[in-house]
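A quick write-up on the structure given underneath.
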Amino acid sequence: MANFFSDNKDLQFHLQHPLMRKIVELKERNFADKDLYDYAPQNFEDAMDSYRKVLEITGEVCGEVIAANAESVDHEGPRVENDHVIYAEGTQRNLEAITAAGLSGMTLPRKYDGLNFPLICFVMANEMVARGDAGFENIWGLQDCAETLNEFASEEIKQKFLPWVSAGATCAMDLTEPDAGSDLGAVMLKATWSEEKQTWLLNGVKRFITNGDGEVSLVLARTEEGTTDARGLSMLVYDKRDGGVKVRRIENKLGIKGSPTCELVFTNAPAQLVGDRKMGLIKYVMSLMNAARLGIGAQSTGLCEAAYREALKYAHEREQFGKSIIKFAAISEILSNMKAKLQGARALLYETARFVEIYKQYTHISHERSLEPEERQEMKFYNRLADAFTPLVKLFSSEYANQLAYDSIQIHGGSGYMKEYTCERLYRDARIMNIYEGTSQLQVVAAINGVTKGTFLEQIARYEELEFSAEMQPVVEQLKALREKFEAMVAHVESKEKECAGYKEFHARRLVETAGHLIISFLLARQASECADYVNSAKIFTKMAASKIEEAYSYVMNSPVEDVALFKAVETEE
């Protein structure tokens, strides 16, 4: 039987990270639930045993059900009937299997019928689901919307919605509009308070909404009359059972076809306010988007895993000139690079998830009691890292998903271009990942602060201080030399920015990618120092990183300020 957890030693390695003990203790509040719930863990070992068992169940559902349904879902897709979404039959079977296995509400507190698992486990589950079917991950993974309610909503709202999500209710985040797109500050869907009905009423249109007909929807709407910017926006939660929303159409997409991307029409749809008015975009959507970007990181890494395995399997089976094509250097090099990128993306994904996890747990604790001074400092420390690493993991993992899907087809040759092979679907599914929840270009805009404020360099310095095996010492020395070039690039760009406004923006991607290449290389080198399985990937990824960094260094250090005007000249073309 296929099991996407048991067959993946890399996932099992990351579940054993030393920070897991701290994460479990924070999440379990020193195991305070053990006397209230018979399924709550008694201690750290008990908790870890529970995580493994549930992840094994998840892996089985993903391998036996979700992956098996992926092709039929891709062909059938969802449809609209009577103004609402009807899922493909395979999608419905997936939801039933996931719910029957008790895999909803994975991170929610037990008081809301959740499992109270760490974010790490949810990210791993997301990755496995995406390996089976990236489109279905868009539906199941959106249960993370419930975390936003858990963090910011009133107790009344939590009691209403969170147990429903734990029981399998699907979710959506209704943010974008036809005239807004990524500029969420331009959202104009109106929320008007009704004295008669004692509720908010939503009117307007939303577009490109993933799983838009979900049962629980977080809606960004304009509550402040006469405003046109972010300060007039609030977050509301909508219950599908209350009516008032129609699905105008489902978009006909290139990939992730099982996931309905909807245009929605709101007509006096009742909704409840989440948190404070005017803070919808400034506070709540930013939190929601950071979680979504981590989710895309998991989705992208899962697709990377699928693409690599499809390519490896085919390379072993396909024979040319009397031998398997994996015996050809050109093929084995592609596969080795694919594996290094896959393991590099995963290393960055779970490093980021740990940072987010610790910061979030301290945030929840701060709502229960005052934090101690050292706890507050630690929360700020991990918050800073989480803010910097989240766009970085979304950038790298989504770009690698596209690269590995491309390489998987290349290894399949002409066969990979045919619908009969899984890699064709993976290639189409991957293309959205560096677009939605903020394009790669917007991730650079978000991540450049981590460069200019020194967050990345400070963390790289911490990695340099770790202990590495003798075999990894040459790699680490090479990375230190590359880090010095990164520092020189940053200093050069900051100096030139004073001469020419826009110089930093022009080179932002080169700086952010250099930071990412260094960080991933260090993470893999550290893993290789603990487990020999990562030695080859650490060396290979560092070689690729060195090449990219040298190229960026040469470009940046030899780039005159006139380059900014040179490349901006296209703006005047018609």
Side-chain angles (χ1 to χ4, degrees), residues 27 98-99 103-119 121-123 125-126 138-175 184 187 189 191 199-200 202 206 209-221 223 233-242 244-245 264 266 269-295 356-357 359-368 386 437:
K27 183 70 177 179
I98 284 279
T99 303
L103 301 177
S104 299
M106 189 174 279
T107 63
L108 294 178
R110 295 183 185 92
K111 66 184 289 189
Y112 306 119
D113 302 332
L115 295 178
N116 202 53
F117 275 19
L119 177 64
C121 297
F122 181 64
V123 171
N126 265 300
N138 271 352
I139 298 171
W140 182 76
L142 275 166
Q143 66 175 275
D144 194 46
C145 291
E147 270 300 324
T148 298
L149 292 177
N150 187 40
E151 186 170 353
F152 300 113
S154 66
E155 186 60 29
E156 179 187 358
I157 289 176
K158 292 180 188 181
Q159 290 288 351
K160 177 181 178 181
F161 288 100
L162 299 190
W164 192 21
V165 174
S166 295
T170 58
C171 299
M173 50 181 188
D174 300 357
L175 306 180
L184 293 177
V187 160
L189 184 134
T199 189
W200 290 90
L202 304 175
K206 292 287 184 182
I209 306 304
T210 301
N211 198 39
D213 202 26
E215 290 160 305
V216 179
S217 297
L218 296 179
V219 185
L220 183 65
T223 53
L233 297 171
S234 301
M235 177 69 73
L236 298 99
V237 58
Y238 163 76
D239 184 336
K240 181 181 175 179
R241 295 171 296 192
D242 290 335
V245 178
L264 307 172
F266 291 73
Q272 294 174 265
L273 185 69
V274 175
D276 299 321
R277 287 172 65 164
K278 305 181 185 179
M279 300 300 290
L281 180 57
I282 298 168
K283 185 176 182 181
Y284 309 131
V285 169
M286 289 300 101
S287 174
L288 193 62
M289 290 291 284
N290 278 339
R293 287 167 179 171
L294 192 61
V356 173
E357 178 85 72
Y359 154 63
K360 286 290 187 184
Q361 288 312 314
Y362 276 127
T363 301
H364 282 300
I365 292 170
S366 72
H367 296 157
E368 301 165 9
E437 309 307 342

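Just so you know, these numbers use all the heavy atoms, side chains as well, and skip hydrogens, waters and symmetry mates.
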What closest approach, in Å, do L273 and S234 show between heavy atoms, and which atom pair accounts for it?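 Closest heavy-atom pair between L273 and S234: CD1-CB, 3.8 Å.
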Closest heavy-atom pair and its distance - C145, C171: CB-CB, 4.1 Å
Parallel, tilted or perpendicular: which fits the ring planes of F122 and W140, with parallel below 30° and perpendicular above 60°? tilted
Can a donor-acceptor pair be found between the side chains of E147 and T107 at a distance below 3.5 Å? yes
Working to the nearest 0.5 Å, report the span between [atom1] of [X] and [atom2] of [Y].
| X | Y | atom1 | atom2 | answer |
| --- | --- | --- | --- | --- |
| I157 | S154 | CD1 | OG | 4.0 Å |
| M106 | L115 | CE | CG | 6.0 Å |
| L294 | D144 | CG | CG | 8.0 Å |
| L233 | L189 | CG | CG | 10.0 Å |

Evaluation steps, side chain to side chain contact (heavy atoms under 4.5 Å, CB included), between F152 and K283: CA-CA 10 Å; F152 300 113; K283 185 176 182 181; 3.6 Å; yes
Side chain proximity check, V285 to L184, heavy atoms < 4.5 angstrom: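 Yes, close enough: below the 4.5 Å cut-off.
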Might you work through the side chain to side chain contact (heavy atoms under 4.5 Å, CB included) test for Q361 and E357, ending with a clear yes or no? CA-CA 6 Å; Q361 288 312 314; E357 178 85 72; 3.3 Å; yes
Tell me if a side-chain donor or acceptor on D239 pairs with a main-chain N or O of A271 at a distance below 3.5 Å. no
Whether the side chain of K158 engages the backbone of N150 through a donor-acceptor N/O pair (distance < 3.5 Å, no angle test) should be reported.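 Such a contact is found between K158 side chain and N150 backbone.
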Decide yes or no on side chain to side chain contact (heavy atoms under 4.5 Å, CB included) for V216 and V237, but give the supporting numbers first. CA-CA 7 Å; V216 179; V237 58; 3.9 Å; yes
Audit row: V219, M235, side chain to side chain contact (heavy atoms under 4.5 Å, CB included) steps and yes/no: CA-CA 6 Å; V219 185; M235 177 69 73; 5.7 Å; no
